[in-house]
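Given the structure is predicted, the values throughout are model-derived calculations rather than measurements. First the proteins, then the strands, lettered A, B, ... as listed; each starts at 1.
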Amino acid sequence: MQGKALPGFRDFYPEDLTLRNHLFATWRSVAGRYGFEEYDGPPLESLEMYTKKSGEEIVQQLYTFRDKGDREVALRPEMTPTLARMVAARVQALKKPIRWFSIPQLFRYERQQRGRLREHFQLNMDIIGEASPLADAELMAAAVDIMRALGLGPKDVQLRVSDRRVLKSLLMSRGVTEAQLATAFAVIDRSERVPKNVLEEMLRETGYGKPEAAAVFDVAGLRGKDALTAAGAAAEPLGEAVQALEAMGLGEFVAIDLTIVRGLAYYTGIVFELFDAQKTLRAIAGGGRYDGLLDLPALGFGMGDVVLGELLKERGVAPKASIELGAFLVAVGGEDMPTMLRLAHAMREKGIAVEYGLRHAGVRKQLELASARGAPRAVIIGPEERKAGLAVVRDLRAGTEAKVPIDKLLNGYFD
RNA sequence: GUGGCUGUAGCUCAAUUGGUUAGAGCGCCGGACUGUGGCUCCGGAGGUUGCGGGUUCAAUCCCCGUCAGCCACCCCA
């Protein structure tokens with residue numbers, strides 16, 4: 001063993017890169033049909049940018065160093081600060097709402113586990129300058145449509161939606177104070193994973209009394225439209241967004257679930273996560289509204305390549321081959337080589353993917369290579385047919401053969 | 001950062017209570033096979049048993065350390 005990539009970093013062998021390219025292509029395609037434009041920024045930023053805008057935890061997990069110009073720099077752990085800077089610089093000139101997407105490679109120094117590495121690629125889609133819940137619905141619809149474009153249905157993935165304003169209203173109407181909200185959010189976020197007595201202890205430490213603690217668990221248990229009804233006016237934006245998704249025909253994917261809180265402190269409104277419906281993997285995507293970060297209403301989501309790639313492999317919808325050959329050419333004898341090379345080049349000029357054996361071997365060997373390479377057909381050039389201006393086109397899947405004029409093949413036709 | 005489990009060929013796994021030259025299947029390379037692939041048969045390459053140390057006549061096996069992976073916690077791009 002010559003060593004391997006650093007822990008948490010990946011080598012992309014052809015089959016791995018095939019999958020990654022498939023994800024990127026799907027991301028670009030769906031983002032494009034939603035009218036989003038692609039942007040990018042530098043992978044290295046000033047450390048200060050993250051110490052100011054992100055929480056302490058994120059900073060501890062940063063890849064940082066001092067560059068030769070004595071600047072404190074960091075590999076980007078998230079795209080939002082970069083986006084915020086780019087938008088702020090041209091905010092006067094940009095027509096609102098801004099719909100942008102990006103596929104940055106992000107870095108974070110943390111202990112790796114399945115689905116969590118130290119580096120990943122993440123689709124970011126953001127809408128800036130629009131407060132309407134229709135914008136939230138738009139973003140969630142795009143996330144769902146990416147799943148559909150990848151071959152996943154409502155039985156595979158579910159979009160769980162919540163709204164911090166709804167949570168806040170429900171909690172405060174039950175006696176929880178504004179200062180206690182942060183703890184309540186943390187408890188609700190963990191309510192499905194952490195034992196109840198541990199959560200109760202968390203609440204007690206923050207000065208919760210019995211009735212307020214009960215209210216927190218009560219709220220955490222609310223699901224579906226009941227949650228909306230209970231929250232009254234505060235639930236209107238979430239209700240409107242969910243209705244929009246239903247009108248688009250995506251209702252089957254959507255579940256209102258108040259236990260979705262999201263870790264980042266800057267979310268202010270609707271938040272959502274896309275989950276593997278069997279819940280064996282981590283969240284596939286997550287996002288929400290962060291109106292306070294810029295001077296404009298804003299919302300966005302991120303979707304990483306790691307968990308999504310694992311899910312596609314698990315569900316058998318990952319692509320296999322990266323190249324799709326049109327034909328594999330076979331020269332029977334050495335004297336057939338010039339014809340084969342001429343034909344190969346002519347077909348490539350026509351845009352057909354063509355391969356042939358790079359050293360002369362028996363027909364058997366060449367055909368073996370042809371099927372190993374996944375070619376749908378072989379074009380066999382031998383002295384007999386060549387005298388008549390013909391070649392044998394063999395269908396490698398069906399095992400059938402036909403003689404075709406070489407002139408036709410030169411023009412890119414197999415029959 | 002904390003705790004637990006696991007490291008044998010490219011992959012999946014064997015190897016008697018610690019025992020002599022660490023095996024098999026798949027994959028890879030070559031041959032049977034000089035104008036027809038997938039099948040079959042034969043042969044070959046490929047290992048510092050993650051790494052380092054210790055115990056022992058003898059370690060893949062037991063002990064310690066370390067690195068890596070997995071799982072949980074923390075956290076959640």
What integer distance in Å separates [X]:[atom1] from [N]:[atom2]?
| X | N | atom1 | atom2 | value |
| --- | --- | --- | --- | --- |
| Leu123(A) | rA77(B) | CG | P | 14 Å |
| Leu369(A) | rG38(B) | CG | P | 12 Å |
| Leu293(A) | rA77(B) | CG | P | 14 Å |
| Leu117(A) | rC70(B) | CG | P | 8 Å |
| Glu384(A) | rU36(B) | CD | C1' | 14 Å |
| Glu385(A) | rG35(B) | CD | C1' | 8 Å |
| Phe301(A) | rA77(B) | CZ | P | 14 Å |
| Glu78(A) | rC75(B) | CD | P | 17 Å |

Any Arg190(A) side-chain nitrogen or oxygen under 4.0 Å from OP1 or OP2 of rC75(B): yes
Can you check whether Arg364(A) has a side-chain N or O nearer than 4.0 Å to OP1 or OP2 of rG37(B)? yes
Pairwise [atom1] distance for [N] and [M], with rounding to whole Å:
| N | M | atom1 | value |
| --- | --- | --- | --- |
| rG25(B) | rC67(B) | P | 38 Å |
| rC62(B) | rC71(B) | C1' | 26 Å |
| rC61(B) | rA15(B) | P | 14 Å |
| rA32(B) | rU36(B) | P | 13 Å |
| rG46(B) | rG1(B) | C1' | 40 Å |
| rC73(B) | rC64(B) | C1' | 26 Å |
| rG7(B) | rG31(B) | P | 39 Å |
| rU2(B) | rA9(B) | C1' | 35 Å |

What nucleotide, of [options], holds the atom closest to the side chain of [X]?
| X | options | result |
| --- | --- | --- |
| Gln61(A) | rA72(B), rC75(B), rG37(B) | rC75(B) |
| Val392(A) | rC71(B), rG37(B), rU36(B) | rU36(B) |
| Lys365(A) | rG31(B), rU36(B), rC33(B) | rG31(B) |
| Glu368(A) | rG37(B), rA77(B), rU36(B) | rG37(B) |
| Arg111(A) | rU36(B), rC71(B), rA77(B) | rC71(B) |
| Val363(A) | rC73(B), rU36(B), rA68(B) | rU36(B) |
| Arg116(A) | rG37(B), rC71(B), rC75(B) | rC75(B) |

Could you check which nucleotide pairs with [N] in any of the strands shown, counting Watson-Crick or G-U wobble with both distances under 3.5 Å?
| N | result |
| --- | --- |
| rG52(B) | rC64(B) |
| rU20(B) | none |
| rA45(B) | none |
| rG1(B) | rC73(B) |
| rC26(B) | rG10(B) |
| rG35(B) | none |

Report the C-alpha distance between Glu201(A) and Arg204(A) in whole Å, list the side-chain angles of each, state the deciding distance to 0.1 Å, and finish with yes or no for salt bridge (Lys or Arg N to Asp or Glu O under 4.0 Å). CA-CA 5 Å; Glu201(A) 182 56 32; Arg204(A) 212 171 300 131; 2.7 Å; yes
Whether over 12 other heavy atoms sit under 6.0 Å from Asp415(A) CG: no
Taking any heavy-atom pair under 4.0 Å as a contact, classify [X]: base, sugar-phosphate, or nothing.
| X | result |
| --- | --- |
| Pro383(A) | base |
| Gly287(A) | nothing |
| Gly399(A) | base |
| Asp336(A) | nothing |

Qualifying residue for side-chain contact (heavy atoms from CB on, under 4.5 Å) with Leu329(A), from Val354(A), Leu409(A), Ile380(A): Val354(A)
Check: Glu78(A) side chain, Thr80(A) main-chain N or O, donor-acceptor pair, under 3.5 Å: no
Are the side chain of Asp257(A) and the backbone N or O of Val161(A) linked by a donor-acceptor pair below 3.5 Å? no
Stepwise salt bridge (Lys or Arg N to Asp or Glu O under 4.0 Å) check, Asp136(A) with Arg289(A): CA-CA 8 Å; Asp136(A) 300 73; Arg289(A) 185 169 277 280; 2.8 Å; yes
With a 3.5 Å cut-off and just heavy-atom distances, do the side chain of Gln366(A) and the base of rU36(B) make a donor-acceptor pair? no
Comparing nearest nucleotides in RNA chain B, the 5'-proximal residue of the pair Ala370(A), Gln113(A) is Ala370(A)
Residue met sooner reading RNA chain B from 5', once Arg397(A) and Val306(A) are mapped to nucleotides: Arg397(A)
Nearest 0.5 Å, please: how far is CG in Asp126(A) from CG in Leu83(A)? 5.0 Å
What is the minimum heavy-atom distance between Ala143(A) and Phe301(A), and which atoms define it? CB-CZ, 3.9 Å
